[in-house]
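Step one of this worksheet: look at the structure below.
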Amino acid sequence: MEIETPLAELSWIPRPRVTALRRLNIETAADLITHYPRRHEDRREFPDFPREETLGPICLCGEVVKTRLMRFGGRKIFEAVLEEHSAHALSQPLTCRWFNLHYVQKMIATGQRLVIFGRPKLRGQRLVVVHPEFEVIENDDEISIHFRRITPIYPATEGVSQRVLRSLIFRVLNEVDTDSIAVELPESLAEKRPEALHQIHFPESVEQLAMIRDHLVLAEFFRMQMQIASERARNSARVAHHRSKQGLLLPRFLSLVPFALTRAQRRVLDEIELDLAARAPMNRLLQGDVGSGKTVVAIAAMLRAVEAGAQAALMAPTQILAEQHYMVLRRWLDPLAVRVSLRTGARHEESFLPLMDGDDVPQIVVGTHALLYESVQFSKLGLAVIDEQHKFGVSQRAKLTSREPAPDVLVMTATPIPRTLTMTIYGDLDVSVIDEMPAGRGEIQTRALAEAQLAEAIAFIRRELGSGQQAYVVYPLIDESEKLDVKAAAQEFERWQERLRPFRSELLHGRIAAAEKQAIMQRFRSGETQALISTTVIEVGVDVSNATVMLIENAERFGLSQLHQLRGRIGRGARTSHCLLLSSDKSPDTIAKLSVLERTTNGFEIAEADWQLRGPGDLLGTAQSGLAEFKLGDLKRDAPLMRRARAVALSLLEADPELERPENQRFRSLIVERQGQTFSQVS
Ligand code: ADP
Ligand code: MG
């Protein structure tokens with residue numbers, strides 16, 4: 001049988017099964033055998049029945065000695081009592097219990113042998129397993145596939161039981177030549193090719209399973225890293241638009257800003273300057289915690305582009321942030337006679353002027369993603385800076401990088417992410433890190449408060465406002481894209497206005513008209529209003545150093561990294577700032593989560609914790625849309641494998657960018673096959 005044979009062509013698979021499999025995106029023999037087990041159960045020998053609760057789920061085998069069906073109100077409870085097959089005097093029976101599951105009672109009868117997987121808990125005198133996974137041993141022929149072995153358990157699937165999947169996979173594995181889908185790995189990653197794919201399904205030992213799993217994970221990671229590495233190789237083969245030329249602008253700018261760069265800022269700027277001097281376009285990620293001072297570095301880089309006679313663009317994810325950048329740039333660059341212009345969706349109509357050559361052509365353009373669509377109009381885009389990259393999709397970056405001639409690209413993010421993730425989603429970028437805060441920053445003290453402590457929190461905010469400080473109140477509307485109930489927001493606002501009177505509050509959210517938003521921010525910056533009652537529109541970038549208090553309502557609804565971002569709006573001056581996390585949720589998860597923020601202000605630590613708690617998806621926001629799905633690999637568990645795969649892929653393509661050497665021919669398909677796809681998934 002060919003590996004690409006459609007299952008529909010195999011007469012021994014019943015039609016309804018083919019249809020059910022199709023729902024799982026399993027259409028061919030190859031799809032079927034790469035439908036990897038979710039876990040394995042060691043059914044070679046079953047342990048004795050436990051006599052007390054176990055810490056986790058276990059796999060047991062027993063004989064059904066009694067079943068009964070009970071009704072409690074509307075609930076149906078089905079019970080099956082199991083005894084150990086070769087019961088010895090000491091073992092006590094185990095009760096399996098299912099609620100409202102009709103099919104279970106139809107499947108289980110006295111006298112059968114069952115294999116169950118679940119966690120026994122003590123209920124009164126009895127050990128009970130609620131809703132165990134189970135399989136009925138129908139006859140001893142089945143033993144070779146389903147029992148007496150390390151048995152694969154597949155991702156749950158509707159209409160196809162474990163048993164069916166296992167039998168299908170077993171048979172297909174025997175009939176196809178699995179060699180043809182074994183992924184080639186260089187010797188440095190795998191000394192020898194593992195024998196066959198069937199070991200991932202039906203391993204003979206735990207060691208063998210671990211080995212084949214590592215091999216397949218490496219294969220997945222290597223494929224991805226080869227694509228990333230070839231992306232990098234392609235980029236370094238391009239010729240950048242920039243003409244390296246160092247003028248006086250940058251030194252003059254640096255003497256103008258009212259502070260000296262930190263060591264970290266200087267180091268990063270050096271790294272960027274090296275990139276700009278190289279022939280290939282820059283493709284660099286700048287990571288730095290909230291408030292570490294990325295903007296100044298970006299401006300410095302943009303001035304290099306301007307000195308070389310090119311244009312620079314600075315793209316921010318929100319209009320508020322774009323406007324803030326615009327103001328900062330005007331303040332610092334007007335004295336240097338650098339022409340800066342602002343382009344946001346809101347300003348579109350008034351400023352839709354083609355950016356052509358001429359005396360009044362802006363040298364630096366600041367804007368939102370509207371820039372992406374206007375970017376065709378840049379006549380000589382030398383450098384594109386993307387601020388708060390994690391708020392954009394990977395495809396949006398691709399829009400900028402793929403321009404010809406190639407602009408230098410600097411992407412910045414304040415969401416520090418674990419290294420394995422960086423080398424996955426930002427794998428094609430060089431990375432610079434600002435790991436130092438400017439001196440003289442006040443500390444941010446964070447406290448989690450129960451809803452009942454609201455009055456206390458209000459009193460605290462009023463005291464701070466009384467001493468001339470300003471405050472943010474972030475109310476629970478997680479996302480601006482979530483449908484905003486304007487009326488609820490207005491009510492919430494009125495309540496806060498009352499609470500904080502006579503101090504002046506204003507309401508800010510994404511649906512407010514652009515010009516008004518701008519006016520509201522302006523009044524807050526100037527201190528005319530003391531409190532901003534806001535949604536997460538202020539999450540990124542907003543920089544008002546006199547604001548020293550932030551209260552976040554329903555803090556449990558936000559992710560750790562997001563809370564850390566929000567909190568980064570305060571602590572920007574020299575004074576101690578206070579972040580109050582209000583939550584009525586007393587679950588251990590929430591308490592654990594919020595306590596991370598009480599404990600540390602280190603963004604990397606927080607990102608790690610966030611990852612542990614929620615997984616990479618939430619951590620990355622939009623950026624994850626470009627993240628490949630792995631069938632087997634787990635970025636957290638398999639981090640060391642990812643590092644190895646990356647190192648090997650990079651050095652392989654560095655030595656042989658076009659994969660021309662005979663021994664590398666076998667890797668060509670890895671990068672040719674999916675070329676262009678890696679980074680073009682639309683978010
Ligand atoms: P982020 O990295 O979060 O984007 P910003 O670039 O907005 O941070 O910088 C935060 C604040 O710190 C700004 O007001 C900026 O002017 C100030 N800042 C930046 N670098 C320094 C420095 N080296 N010393 C003192 N203040 C600095
Ligand atoms: Mg910033």
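For ligands, and for the atoms within them, numbers begin at 1 and follow the listed sequence. No hydrogens, no waters, no symmetry mates; every other heavy atom, side chains included, goes into these values.
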Rounded to the nearest 0.5 Å, how far apart are CD of Q497 and CZ of R504?
->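 Going from CD on Q497 over to CZ on R504, the span is 11.5 Å.
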
Lys/Arg N to Asp/Glu carboxylate O, [X] vs [Y], below 4.0 Å:
X	Y	value
R525	E323	no
D408	R284	no
E436	R267	no
R304	D275	no

Per-atom contacts, ligand 1 versus V290 - under 4.0 Å to a heavy atom |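 The list of qualifying atoms is 3 (O).
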
For L261, take its heavy atoms, then give the atoms of ligand 1 lying under 4.0 Å from any of them.
->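 Listed by number with element: 23 (N).
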
Going by heavy atoms, is [X] under 4.0 Å from ligand 1?
X	result
G291	yes
A260	yes
G288	no
R441	yes

Of the listed options (I299, T295, V544), which comes nearest to atom 4 (O) of ligand 1 when hydrogens are ignored and any heavy atom counts?
-> T295

Under 6.0 Å between ring centres, would you say that holds for F524 and Y472?
-> yes

For L285, which of D428, I386, V411 qualifies under side chain to side chain contact (heavy atoms under 4.5 Å, CB included)?
->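 Answer to the side chain to side chain contact (heavy atoms under 4.5 Å, CB included) test with L285 among D428, I386, V411: V411.
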
Ligand 1 versus M412, non-hydrogen atoms closer than 4.0 Å: side chain, backbone, both, neither?
-> neither

Under-4.0 Å heavy-atom contact with ligand 1, by part of D543 that carries it = side chain

